[in-house]
Every structure is written in structure tokens, then in C-alpha cells.
Amino acid sequence: MLRKAFVLIYGATAYLAFLATLLYTIGFLAGVAVPKGIDDGAAGPAWRALLVDAALLTLFAAQHSVMARPWFKRWWTRFVPTSVERSTYVLASTAVLALLLWQWQPLPAEVWSVGPSWARAVLWAVYALGWIVLIFSTFAVGHFDLFGLRQILDRARDRAYAEPEFREPLIYRLVRHPLMVGFLIAFWAAPDLSVGRLVFALAASGYIMVGVRLEEHDLRAQLGEPYERYLRRVPRFVPRPGALKQG
Ligand SMILES: C[S@@+](CC[C@H](N)C(=O)[O-])C[C@H]1O[C@@H](n2cnc3c(N)ncnc32)[C@H](O)[C@@H]1O
């Protein structure tokens with residue numbers, strides 16, 4: 001009983017910490033509604049800021065790339081109970097993201113600043129759309145499994161957890177990585193782009209290009225021919241013209 005309560009509290013804490021950090025990230029990149037946005041803080045020497053930011057981005061990429069791999073999952077579930085494996089992944093991801101948000105060094109020099117207020121409004125709307133696409137996609141692919149909630153609830157009810165099946169809801173019939181499309185939109189839709197935000201957008205986009213290939217490699221090995229057919233049928237990021245009609 002006590003163990004079940006611990007699992008539930010642990011999983012719920014990981015999820016809430018992630019949600020709070022995600023909300024903070026939305027404000028951080030926009031530079032609104034948070035104590036420290038991406039361009040805020042005392043600007044030190046540019047070389048030092050670049051070095052620190054690169055280290056933070058590398059840490060984030062390394063944690064994600066390693067901990068999401070099936071071989072790592074097989075290895076560490078020898079020590080971590082399977083019911084909290086995903087929650088622990090969520091907690092670790094949240095910790096490195098929070099570290100990045102906290103320690104990010106500003107590089108405030110301007111790359112672009114869009115003038116007309118209508119154009120700024122359009123870019124803000126696109127920014128919001130990116131996050132909406134991302135959140136919507138988590139529900140399409142299985143929000144509760146993705147963030148470890150299904151696993152902890154199944155444990156509490158003494159049910160065996162079954163990994164979710166590969167799904168093809170509408171958005172996953174348009175593109176293979178809608179969640180990453182949401183990130184890419186949000187990273188680049190910026191009425192004001194500083195050098196720091198450019199570094200962030202370039203590095204994060206570069207990592208997405210690598211991350212989706214790693215994921216596809218795993219899914220290929222896991223699902224075989226049906227996934228090969230999916231790869232041939234559905235583009236990675238940009239829907240085919242008319243895809244909505246066919247979908
Ligand atoms: C963070 S999600 C990102 C999914 C996808 N790359 C995207 O951008 O929408 C990563 C997890 O989703 C799983 N996944 C990817 N496509 C899926 C699909 N169509 N149905 C079910 N799970 C999927 C992967 O195996 C991986 O565990």
C-alpha cells in the first residue's frame with residue numbers, strides 16, 4: 001500500500017514538475033511572464049556565454065538521446081522499477097531543462113526585430129500555434145503513457161502495464177513527427193530574435209533532426225515492415241499537398 005502511494009506521489013510530482021517547466025519554457029522563449037527570459041540577465045563575455053549555453057544544450061541532448069534508447073531502458077529497469085521508469089525519465093528531462101532555463105547566459109545582440117504590429121501579432125499567433133500543435137500531438141500519441149501516468153496508475157490498480165501500440169491518428173498520418181513540428185514552429189516564430197535565441201533555435205532544431213532519426217531507427221527495429229511502409233507513406237515534417245483530403 002505504502003509502495004503504491006509512493007509510486008503515485010513520485011509519478012504525479014514528476015508530471016507536475018514537467019508541466020511547470022514546460023510552461024516556464026513557453027514564457028522563457030517569449031521573454032514574457034517569467035522572472036528570467038532568454039535575453040534577460042547580465043551579459044558577460046560572449047565567448048563565455050556561448051560556452052555555457054553549448055554545454056547546457058549538449059547535456060540536454062545527451063540525456064534525451066541516451067535515456068530514450070531501448071538498450072538503456074533494458075539496463076536501468078534492472079535497478080528502477082518499471083512502473084516508475086517513465087516518470088524517472090520525465091523527472092531527469094525536467095531537471096536538465098530546468099538547469100538550462102536557470103543557467104542560460106544571455107546573448108542579447110539583435111538578429112532581427114519585426115516592426116509592423118500586425119506582423120508581430122501574426123508571429124505571436126504562430127508561436128502559440130506551435131505549442132498547441134505540440135500539446136495536441138502528445139494526446140494523439142498517448143499523453144498519459146508519454147509522461148508515465150498510465151504506468152503509475154496501472155501499478156496502483158495492480159494491472160500489468162502494456163506498452164502503447166503504434167498509432168496513426170490524423171496528425172500522425174500527415175507527418176511522422178508532429179510533436180517536433182510543434183517545437184520547430186515555436187523555436188523559430190519570434191518577432192524578436194537575439195543571438196542567444198538564434199543559438200538556441202539552431203541547436204535545438206539540429207538536435208531534433210538527430211533525435212527523430214534515432215527514434216525512427218528504434219521503431220524500425222521494433223516494428224519492422226509495417227513501419228517501413230509508414231516511412232514511405234508519411235513525410236517526416238512537412239505534409240504532402242492534399243494530405244488532409246486523403247487523411
Ligand atoms: C516524444 S514522442 C515523439 C513522437 C514523434 N517523434 C513526434 O514528434 O510526434 C516519442 C515516443 O513516441 C513514440 N512514437 C512515435 N510515433 C508514434 C506513433 N505513431 N504511435 C505511437 N507511438 C509513437 C516513440 O516510440 C517514442 O517512444
Side-chain angles (χ1 to χ4, degrees), residues 11 14-15 17-19 21-22 25-26 60-77 80 82-97 129-152 154 161-188 201 204-240 243-244 246-247:
Y15 180 66
F18 167 76
L19 273 191
T21 314
L22 180 74
T25 306
I26 297 173
F60 184 82
Q63 177 269 328
H64 264 70
S65 304
V66 173
M67 287 187 81
R69 300 285 69 78
W71 60 262
F72 182 85
K73 223 162 136 176
R74 277 194 297 276
W75 172 74
W76 79 314
T77 43
V80 177
T82 46
S83 56
V84 292
E85 182 273 330
R86 191 68 195 178
S87 296
T88 309
Y89 172 83
V90 170
L91 204 57
S93 306
T94 302
V96 285
L97 179 58
L129 180 73
W131 292 108
I132 291 168
V133 167
L134 181 146
I135 292 163
F136 180 80
S137 304
T138 67
F139 284 97
V141 81
H143 184 87
F144 298 96
D145 297 273
L146 203 57
F147 296 106
L149 295 176
R150 177 104 51 214
Q151 293 84 329
I152 59 166
D154 278 356
Y161 174 71
E163 291 272 344
E165 307 242 308
F166 187 78
R167 302 172 194 195
E168 285 192 46
L170 179 60
I171 200 163
Y172 280 83
R173 274 180 271 151
L174 299 180
V175 290
R176 302 203 290 271
H177 302 287
L179 214 146
M180 298 303 141
V181 170
F183 272 127
L184 290 169
I185 294 172
F187 291 159
W188 289 99
S205 306
Y207 175 62
I208 285 174
M209 301 303 147
V210 176
V212 296
R213 281 170 176 81
L214 295 175
E215 182 185 302
E216 287 174 0
H217 176 268
D218 292 343
L219 286 170
R220 244 196 196 109
Q222 207 181 305
L223 303 170
E225 183 49 30
Y227 190 68
E228 295 289 347
R229 283 201 298 273
Y230 179 70
L231 290 180
R232 286 195 291 272
R233 221 173 48 235
V234 179
R236 214 175 238 142
F237 297 120
V238 183
R240 294 204 171 97
L244 208 54
Q246 294 156 22

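All figures in this text were calculated on a predicted structure; none of them were measured in a lab. For ligands, and for the atoms within them, numbers begin at 1 and follow the listed sequence.
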Would Tyr15 and Phe18 count as a close aromatic pair, with their ring centres under 6.0 Å? no
Does Met180, backbone or side chain, put an N or O under 3.5 Å from an N or O of ligand 1? yes
Phe139: partners by ring-ring contact (aromatic ring centres under 6.0 Å, His included), with sequence neighbours left out: His143
Pro178 neighbourhood, listing ligand 1 atoms whose heavy-atom distance to it stays under 4.0 Å: 7 (C), 8 (O), 9 (O)
So His177 and Phe237, would you call those rings parallel, tilted or perpendicular, with 30° and 60° as cut-offs? tilted
To which of Phe237, Tyr230, Phe166 does the heavy atom nearest atom 18 (C) of ligand 1 belong? Phe166
Given Glu168, Glu215, Glu216, the one that forms side chain to side chain donor-acceptor pair (under 3.5 Å) with Arg176: Glu216
How close does the nearest protein non-hydrogen atom get to atom 6 (N) of ligand 1, and which residue and atom is it? His177 ND1, 2.7 Å
In terms of atom number and element, which parts of ligand 1 are under 4.0 angstrom from non-hydrogen atoms of Glu165? 21 (C)
Protein contact to atom 25 (O) of ligand 1 [nearest heavy atom, distance to 0.1 Å]: Leu219 CD2, 3.5 Å
Among all protein heavy atoms, pick the one closest to atom 2 (S) of ligand 1 and tell me residue, atom and distance. Leu146 CD1, 3.7 Å
Nearest protein heavy atom to atom 10 (C) of ligand 1, by residue and atom, and its distance? Glu215 OE1, 3.4 Å
Cut-off 3.5 Å, side chains only: do Thr82 and Gln151 have a donor facing an acceptor? no
Under the ring-ring contact (aromatic ring centres under 6.0 Å, His included) rule, collect the residues that match up with Phe60, sequence neighbours excluded. His64
Tell me: protein heavy atom nearest atom 23 (C) of ligand 1, and distance? Val141 CG2, 3.4 Å
Measure the spacing between CD of Glu228 and CD of Glu225 and express it to the nearest 0.5 Å. 6.0 Å
Protein non-hydrogen atom found under 4.0 Å from atom 27 (O) of ligand 1: no
Under a 3.5 Å threshold, yes or no: a donor from one side chain and an acceptor from the other, between Trp76 and Thr88? no
The answer for which part of Thr138 has a heavy atom under 4.0 Å from ligand 1 is neither
Write out the residue and atom name of the closest protein heavy atom to atom 9 (O) of ligand 1, then the distance separating them to 0.1 Å. Tyr172 OH, 2.5 Å
Counting each atom of ligand 1 from 1 as listed, which ones have a heavy atom of Arg167 under 4.0 Å away? 18 (C), 19 (N), 20 (N), 21 (C)
Mutual orientation of the aromatic rings belonging to Phe183 and Phe187 [parallel < 30°, tilted 30-60°, perpendicular > 60°]: parallel
